[in-house]
Amino acid sequence: MSDAVDFHFDPMCPFAYQTSLWIRDVRDQLGITVNWRFFSLEEVNRSEGQKHPWEREWSYGWSLMRIGALLRRTDMALLDRWYAAIGRELHILGGKPHEPAVARKLLGDIGVGAELLDAALADPSTHDEIREDHQRVTDAGGFGVPTLFLSGQCLFGPVLVDPPTGQPALTLWSVVTGMAELPHVYELQRPKAQADLELIGRSLRPYLDGRDWVSINRGEVIDVERLSGVPSQRDADS
């Protein structure tokens, strides 16, 4: 069983956040190493003619990850705390960590000077770090988050709501690591009944309250099958 995992995330993705809660619980129980890596839903969902996220002055998930990249250079634990803070703000509290003023406050909450936001945005190499992590996923055939690399394998998922803790978390870890040991098992999916869709909808409520863009999926109806590739922000085509 693997004792380390690379966990690629976009901070704006509600499913990646739920899975991060599970992997943190596994880490607490087993002492595994979690290496936080990046992936941009803004970039992978970009339409022809729209700006790349690195071409905008401020780009929601991308800019938060640029801050994370600078923190990671000092200590992976700082990125760990940053992702926990911004994830809780958006996906639990329905807040807006993707607004610069809120991001500055959250930096203070994790014991880092708010000026680090400006330093991260002034350093073009933070773009490079995100692009490198993002490219690693796409080169492996990946398309969204959460994406895990473990035992030499790239796996999408597990996609969770109400992430398990304690022994059930370890059971899921055994399933995931077991699948990584079987490189020609490509997909295992649970169909969603109406009750499942309602549960997913309730779990996404804080994220839907906190985000600042309008879904392009089926008009105003959120397509839960595609929420691991959430739409870009409202100004994505500017």
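The shortest side-chain heavy-atom distance between Q29 and W173 does not fall under the 4.5 Å cut-off. With a 4.5 Å cut-off on side-chain heavy atoms, N35 and F7 do not count as touching. Using a 4.5 Å heavy-atom threshold, the side chains of P11 and F38 count as separate. Side-chain contact between W82 and L106: present, with at least one pair of heavy atoms (C-beta onward) separated by less than 4.5 Å. The closest side-chain heavy-atom distance from V137 to F149 is below 4.5 Å. D133 has its side chain out of reach of M65: every pair of non-hydrogen atoms, C-beta onward, lies at least 4.5 Å apart. Residues V176 and V5 fail the side-chain proximity criterion, which asks for heavy atoms closer than 4.5 Å. Between S63 and L121 there is a side-chain heavy-atom pair separated by less than 4.5 Å.
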I'd like to know whether C154 forms a side chain to side chain contact (heavy atoms under 4.5 Å, CB included) with T147, so could you lay out the CA-CA distance, the side-chain angles of the two residues, the decisive distance to 0.1 Å, and finally the verdict.
CA-CA 7 Å; C154 174; T147 289; 3.6 Å; yes

Determine, step by step, whether D10 and Y17 satisfy the side chain to side chain contact (heavy atoms under 4.5 Å, CB included) criterion, reporting the C-alpha distance in whole Å, the side-chain angles of both residues, the deciding distance to 0.1 Å, and the verdict.
CA-CA 8 Å; D10 183 310; Y17 177 69; over 6 Å; no

Decide yes or no on side chain to side chain contact (heavy atoms under 4.5 Å, CB included) for T177 and S151, but give the supporting numbers first.
CA-CA 8 Å; T177 55; S151 302; 5.8 Å; no

Take F143 and F156, measure what ring pair (Phe, Tyr, Trp, His ring centres under 6.0 Å) needs, and give me the verdict at the end.
CA-CA 8 Å; F143 51 85; F156 174 70; 4.7 Å; yes

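Aromatic rings from H98 and Y60 are positioned such that their centres are separated by under 6.0 Å.
Ion pairing of E129 with R66 is absent here, as no side-chain N (NZ or NE/NH1/NH2) approaches a carboxylate O to less than 4.0 Å. Classification of D28 and R24 as a salt-bridged pair fails, no side-chain N sitting under 4.0 Å from a carboxylate O. D209 has no carboxylate O lying under 4.0 Å from a charged side-chain N of K96, or vice versa, which leaves the two without a salt bridge.
For the side-chain contact (heavy atoms from CB on, under 4.5 Å) criterion with R73, the lone passing option out of L79, L78, T126 is T126.
The aromatic rings of H52 and W54 sit parallel, their planes meeting at an angle under 30°, below the 60° perpendicular limit.
Side-chain atoms of R81 never come within 3.5 Å of backbone atoms of L107 as a donor-acceptor pair (strictly under, hydrogens ignored).
With hydrogens and angles left out, the side-chain atoms of H134 and R37 include no donor and acceptor closer than 3.5 Å. In this structure, a donor-acceptor pair under 3.5 Å is present between the side chains of H127 and W62.
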